[in-house]
**Q** 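Structure provided below as structure tokens; questions to follow.
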Amino acid sequence: MELRTVNTFLHIAELHSFSRTARQLGYSQSAVSSQIAQLEAELGTPLFDRVGKTVRLTDAGQTFLGYARTLLETAQQAQAALQPAQQVRGSLRIALADSVCSTFLPGLLQRYHARCPQVELVLHTASTDEMLQLLSTNQVDLVYTLDQPLLQPALVLAADVPEPVCFIAPPQHPLAQESVLPLDILPRQEFLLTERGMSYRDALDQCMAAHGLAIHPYLELGSAALLCQMVEQGMGLSFLPEYIVRSALAEGRLARLNVPDCTVMMHRQLFYHRDKWVTPQMNVFIELVRQGTQIK
């Protein structure tokens, strides 16, 4: 029984697709089918039901699933145990929020590559729901979110940093001169906001709705960093994580608006799945994120 065949089996079990597995692993579909046929012959039982385009584990396949995970993880642990720390290699797959990516990732990746130059990094930006789905199907090793505190039994919390979200305006905007702003003045302003479904955008909408109000932005955009630049250019108001706008506020390129009736706190959190063996490359990334939270 070859480890690459066990790895192929696990990918099919997670993706429910021979063709997607072939694309992800860089095999031809016929090679994937051949590996599974050989594995089923060795075990003497079908591992998958193939009905049309649907692929599902048989009862035997479900039983073998736990053993397959143990086999692969034991092999990875053995390889890591024989590897000096400075020679950590392999891949690290991370899903993360756009705002986390644009602000924290460049410096973090620079430090990580200096520590682990032989590790291949694969990054995905996604919503929190999409990230958790990727984690649950073992398509990523870590997720780095910006959201409300997530407390799920299947998740292991590796880092947690509270992050305030604030209203911002160009310094020359009339509201920038006010010490306190009532909530009902905001719907009458021109706003540029992140897309619906982003954690802090949804928190803003919920806060406004609780007071019978709503903000209808004239522009919605997925990039928080780009929104920050557009507000600096006088294009309107926005609502962004403080860490995105901190330098612009300090340099006077933006003004923070004080709106006491809408105070939102998100959490920057790093997770992995409780059933995931923590690889050496994961450990280094977690360590660097924790160091960064101490520096902050």
**Q** So, for Cys166 and Glu242, which heavy atoms are closest and what is the spacing to 0.1 Å?
**A** SG-CA, 4.2 Å

**Q** Measure the spacing between CD of Gln24 and OG of Ser19 and express it to the nearest 0.5 Å.
**A** 11.5 Å

**Q** I'd like to know if Met265 and Phe104 are part of one continuous hydrophobic network [Ile/Leu/Val/Met/Phe/Trp/Tyr, side-chain heavy atoms within less than 4.5 Å].
**A** no

**Q** Quick one: salt bridge (Lys or Arg N to Asp or Glu O under 4.0 Å) partners of Glu287, sequence neighbours excluded?
**A** Arg115

**Q** Counting only heavy atoms from other residues, nucleotides and ligands, does the tally under 6.0 Å from CD of Gln177 exceed 12?
**A** yes

**Q** Can you hop from Leu57 to Val6 via hydrophobic side chains spaced under 4.5 Å?
**A** yes

**Q** Any heavy-atom pair between the side chains of Thr137 and Leu15 that's under 4.5 Å?
**A** no

**Q** Once you round to the nearest 0.5 Å, how far does CZ of Arg253 lie from CD of Gln229?
**A** 9.0 Å

**Q** With Arg4, which residues qualify under salt bridge (Lys or Arg N to Asp or Glu O under 4.0 Å), at least two apart?
**A** Glu2

**Q** Shared ILVMFWY cluster between Leu221 and Leu192, side chains joined below 4.5 angstrom?
**A** yes

**Q** Are more than 12 heavy atoms from other residues, nucleotides or ligands located less than 6.0 Å from atom CG of Asp59?
**A** no

**Q** Hey, mind stepping through Leu219 and Met230 against side-chain contact (heavy atoms from CB on, under 4.5 Å) and telling me if it holds?
**A** CA-CA 11 Å; Leu219 185 147; Met230 296 171 78; 3.8 Å; yes

**Q** Between Arg256 and Val245, is there a side-chain heavy-atom distance shorter than 4.5 Å?
**A** no

**Q** Does some side-chain heavy atom of Trp277 sit less than 4.5 Å from a side-chain heavy atom of Thr74?
**A** no

**Q** Under 3.5 Å, is there a donor-acceptor pair between the side chain of Thr58 and the main chain of Pro46?
**A** yes

**Q** Examine Ile286 and Val284 and state if one hydrophobic cluster contains both, with Ile, Leu, Val, Met, Phe, Trp and Tyr joined whenever side-chain heavy atoms are less than 4.5 Å apart.
**A** yes

**Q** Write down the atom of Ala203, the atom of Met266, and the distance for their closest heavy-atom approach.
**A** CB-CE, 3.9 Å

**Q** Relative to the ring of Tyr144, is the ring of Phe285 parallel (under 30°), tilted (30 to 60°) or perpendicular (over 60°)?
**A** perpendicular

**Q** Could you list the residues that satisfy ring pair (Phe, Tyr, Trp, His ring centres under 6.0 Å) with Tyr27, not counting sequence neighbours?
**A** none

**Q** How close do Pro170 and Leu237 get, counting heavy atoms only, and between which atoms?
**A** CD-CD2, 4.2 Å

**Q** Looking at side-chain heavy atoms only, is the closest gap between Phe18 and Ile36 below 4.5 Å?
**A** yes

**Q** Answer whether the closest heavy-atom distance between the side chains of Pro149 and His267 falls below 4.5 Å.
**A** yes

**Q** Please answer whether the main-chain N or O of Gln29 pairs with a side-chain N or O of Ser33 as donor and acceptor at a distance below 3.5 Å.
**A** yes

**Q** Would Thr8 and Ile12 count as a side-chain contact (heavy atoms from CB on, under 4.5 Å) if you check the C-alpha gap in whole Å, the side-chain angles of each, and the deciding distance to 0.1 Å?
**A** CA-CA 6 Å; Thr8 299; Ile12 298 171; 4.1 Å; yes

**Q** Can you confirm whether Leu123 sits close enough to Leu105 that some side-chain heavy atom of one is under 4.5 Å from a side-chain heavy atom of the other?
**A** yes

**Q** Rounded to the nearest 0.5 Å, what separates atom CG in Leu92 from atom SG in Cys116?
**A** 8.5 Å

**Q** I'd like to know whether Met1 forms a side-chain contact (heavy atoms from CB on, under 4.5 Å) with Leu71, so could you lay out the CA-CA distance, the side-chain angles of the two residues, the decisive distance to 0.1 Å, and finally the verdict.
**A** CA-CA 10 Å; Met1 187 181 299; Leu71 281 169; 4.0 Å; yes

**Q** Go through the steps to decide whether Leu142 and Val289 satisfy the test side-chain contact (heavy atoms from CB on, under 4.5 Å), and finish with yes or no.
**A** CA-CA 12 Å; Leu142 295 166; Val289 169; over 6 Å; no

**Q** Only pairs under 3.5 Å count here: list side-chain donor-acceptor contacts from residues 204-218, not counting sequence neighbours, and write none if there are none.
**A**
from, atom 1, to, atom 2, distance (Å)
Asp205, OD1, Arg201, NE, 3.3
Asp205, OD2, Arg196, NH1, 2.9
Asp205, OD2, Arg201, NE, 3.1
His211, ND1, Cys207, O, 3.0
Tyr218, OH, Met235, O, 2.5

**Q** Would a line drawn from the ring center of Phe191 to the ring center of Phe239 be shorter than 6.0 Å?
**A** no

**Q** Quick one: closest heavy-atom pair of Gln189 and Leu175, and the distance?
**A** CD-CD1, 3.6 Å

**Q** Supply the atom-to-atom distance Thr125 OG1 to Leu96 CG, rounded to the nearest 0.5 angstrom.
**A** 7.0 Å

**Q** Might you point out which heavy atoms bring Met282 and Asp141 nearest each other, and give the distance in Å?
**A** CE-O, 3.6 Å

**Q** Val140: which other cluster members, linking ILVMFWY side chains closer than 4.5 Å, directly or transitively?
**A** Met131, Leu132, Leu134, Leu135, Val143, Leu150, Leu155, Leu157, Phe271

**Q** Nearest 0.5 angstrom please: Ser199 OG to Leu146 CG, how far?
**A** 4.5 Å

**Q** Determine yes or no for a side-chain-to-main-chain donor-acceptor pair under 3.5 angstrom, with Asp160 supplying the side chain and Gln269 the backbone.
**A** no

**Q** Backbone N or O of Ala159 within a donor-acceptor pair of the Arg268 side chain at under 3.5 Å?
**A** no

**Q** Could I get the full list of salt bridge (Lys or Arg N to Asp or Glu O under 4.0 Å) partners for Arg56, not counting sequence neighbours?
**A** none

**Q** What is the minimum heavy-atom distance between Pro241 and Val165, and which atoms define it?
**A** N-CG1, 3.7 Å

**Q** So how far is it from Leu193 CG to Ser238 OG, rounded to the nearest 0.5 Å?
**A** 5.0 Å

**Q** For the backbone of Arg89 and the side chain of Glu120, can you confirm whether one donor and one acceptor N or O come within less than 3.5 Å of each other?
**A** no

**Q** Determine whether Val122 and Tyr112 fall in the same hydrophobic cluster, where Ile, Leu, Val, Met, Phe, Trp and Tyr are linked whenever their side-chain heavy atoms lie under 4.5 Å apart.
**A** no

**Q** Counting only N and O atoms by type, is there a donor-acceptor contact under 3.5 Å from the side chain of Arg50 to the main-chain atoms of Phe48?
**A** yes

